[in-house]
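The structure appears below as structure tokens.
All values derive from a computational prediction rather than experimental measurement. Order of the sequence lines fixes the chain letters, A, B, ..., with proteins taken first and strands second; residue numbering starts at 1 for each chain.
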Amino acid sequence: MLTYVLRRLFIAIPTLLLISVVIFFLVDLAPGSPASEIPLTVPPEVRAKILESLGVNAPFHVRYLLWLKQFFWVEPMYAIDYLFGTDYAQGAQRIISYSSRSPVFNIIIERLPQTLTVIGTAYAVAILIALPIGIYSAYRQYSWVDQLGTFVSMVGYSVPTFFTGVVLIVIFAVKLQWFPSIYDTTLRITDWGSLWKQIHQMILPVAVLGLYNAAEISRYTRSSMLENLSQDYVRTARAKGMSERVVVLKHVARNSMIPVVTIIALGLPGVFGGAIVTEQVFKINGIGAALIGAIHANDLPMVQTITFITAILIVTFNLIADILYGVLDPRIRYD
Amino acid sequence: MTDATQVIEAPRSQWRDVWDQFRHHKGAMAGLCVLLLIVAFVVIGPFVWRVDGTYIDPDAAKMILGRNKPPSWAHPLGTDQVGRDMLARMMLGGKVSLAVGLVAMLVSIFIGTTVGVLSGYFRRLDGLLMRMTDLFLSLPLLPLLLVLMFLYGNLVKRAFGPELGTFLLVVLGIGLTSWMHSARIVRGSVLALKEREFVLAARSIGTPARRIILRHILPNVVSAVMVAATLGIAGAIITESVLSFLGLGFPPDFPTWGGLLNEGYVSLTTYPSRVIWPGIAISLTVLSVNYIGDGLRDALDPRIRGR
């Protein structure tokens, strides 16, 4: 197992490097250059100086290596300095956003909590809803609960998140006026009142993201449960006189969770993609909104960094899913 | 007892069996009917409802008076913020959305099948092509697609004109970011098919690899690809509408359902119906296509029926 994990880790490094090349290349070679953002009234010599300060005149590989060094060496040092009050970085050049001229990672750290609270809650809610529904509808296959559950999960899986978001806004924010339609990111939780306000404004976005993810997870849970329910060990367990509760929840559910857990791990980075849309619908000022803003402003370092962070998340969670699969299922031996 | 006049059933083709299975899947049949209705609405609709969805009244006063109208006999779905007929725009938008879904699916299936067949059939290419597939699966696809659309949009628009250019970019972008699953499916079935006797027989009489692939392998992977293709249409329609919704898809005078939703989103609180109609259209299409995919999968693979 350990050798397998180590081998996977070693494979992950070249994969990430290759992805970083692809991302850097795609974004960097795009025709819209940062020079086009500078007003035409700026005299040519000043323009040349601005371009030089942005560091866009260096050849491609130099800029790529510099970005890589900043990403993997300089930025972690700044993080350590910030956490422990040391001074390892010694004022080294950080990744600077073109449009705001402040370090990209500062903006990301600023935006991350909003995204994480909404996504994290939504995913947790999705899992909590999906597992019982999936288990029950497999146990009572073709019952009305199963029919309804399958239909709802099909709908939740098919209806795009921006439309569910819009419908919920129309019903609950415009007509009933129960919840706000715009997420207030400046809200600080100081007392019970503001905590309630925070929960209140999170309900709609969490419902949208949660429904979508719950649909997918419950489909997998159901089909995995169905596969296990017809196995011989279930008949054995029943023949031994175990109660249905023990058979279903202990024997079958535990075995069925193996693929479901990996699906949950694999789906997590994808939720960030879905969050781009949800953040746009509810005007949440998170990472997705930052990415969209950076794309529109031609802010290349910002786009590269956020996209690459997403890629790191995907690779990490793929790794976690693979390892979890091996840990949870002793039948699978990697060596 | 053996009866001399026993009727021997005529041999049935595989597709006939599939259709018989498919017919009994209620959801899939309902999906097929809804999808046919939507296609009819989009394709035949403009011949019945002869209002130009891009027509803006040149008389400014009339245009302003005709804006944001509620449903009436002249405009069954009302008018938009510059007085264009929403019903006609829904038809126009549907045509583009469905076309994008279909063509993007074809692109993605073409790439996926090619990669899958090559890596399944030729051992030497397998490692490299599968590494590439894994790499594509680890890319953050939606962010990259957004970047592609925005950064390369102007270049492509200049080369091919705004409409064709965006269409090509959207279709190629979605196709290039969604072929991985079909590649894996095709590779799996090619690996199994390669060991079958008929392929061995073909090889033993000296059939070149190219002809074995085209004649013997490809017809046998069609059924595996079909489910992926159906679900691919649904995925492509959703991706296109996400791009348009984020304002990075087609230009405003070239409506798609996602684009209409994006236009209506600005005045969501005052005119919600303008968002609801395109949203329902997208959702119904994707839902029915997904149900058809479900039915097809059940019909093609009897082992997983009912899951």
Open item on the list: Using a 3.5 Å distance criterion without hydrogens, assess whether the side chain of A/Thr115 forms a donor-acceptor pair with backbone atoms of A/Ile287.
Closed with: yes

Task: Positions in residues 280-293 of chain B that reach chain A, provided some heavy atom is under 4.5 Å away - done: B/Ile280, B/Ile282, B/Ser283, B/Val286, B/Leu287, B/Asn290, B/Tyr291

Open item on the list: Assess, by modelled atom type and distance only, whether the side chains of A/Glu227 and A/Ser223 contain a donor and an acceptor separated by less than 3.5 Å.
Closed with: no

Task: Any donor-acceptor pair under 3.5 Å from B/Ser241 side chain to B/Gly258 backbone - done: no

TODO: Return yes if some donor-acceptor pair links the side-chain N/O of A/Ser224 with the main-chain N/O of A/Thr221 below 3.5 Å, else return no.
DONE: no

TODO: Only counting residues at least two apart or in another chain, list the ones meeting salt bridge (charged side-chain N to carboxylate O under 4.0 Å, His left out) with B/Arg184.
DONE: B/Asp134

- [ ] Assess the side chains of A/Asn228 and A/Ser256: does a donor N or O sit below 3.5 Å from an acceptor N or O?
- [x] yes

- [ ] Report the residues that fulfil salt bridge (charged side-chain N to carboxylate O under 4.0 Å, His left out) with B/Arg23, sequence neighbours left out, ordered by chain and then residue number.
- [x] B/Asp20

Task: Part of A/Phe151 within contact of chain B (heavy atom distance under 4.5 Å) - done: both

Task: Atom group of A/Val155 that falls short of 4.5 Å from chain B, counting heavy atoms - done: both

- [ ] Under 4.5 Å, heavy atom to heavy atom: which of residues 13-20 of chain A reach chain B? Give them by number, or say none.
- [x] A/Thr15, A/Leu18, A/Ile19

Task: Donor-acceptor contact below 3.5 Å, side chain B/Ser97 vs main chain B/Trp257 - done: yes

TODO: Could you tell me whether A/Arg111 and A/Glu279 have a side-chain N and a carboxylate O separated by less than 4.0 Å?
DONE: no

Open item on the list: At a 4.5 Å cut-off on heavy atoms, which part of A/Val159 comes close to chain B: side chain, backbone, both, or neither?
Closed with: both

Task: Which portion of B/Ile237 sits near chain A, non-hydrogen atoms under 4.5 angstrom - done: neither

Open item on the list: Would you call the rings of A/Trp67 and A/Phe24 parallel, tilted or perpendicular, taking 30° and 60° as the class edges?
Closed with: tilted

Open item on the list: Does A/Tyr220 have more than 12 heavy atoms from other residues, nucleotides or ligands lying within 6.0 Å of its OH?
Closed with: no

Open item on the list: Can you tell me which portion of A/Ile295 sits under 4.5 Å from chain B's heavy atoms? Options are side chain, backbone, both or neither.
Closed with: both

TODO: Report yes if the side chains of B/Val96 and B/Glu240 come closer than 4.5 Å at any heavy-atom pair, otherwise no.
DONE: no

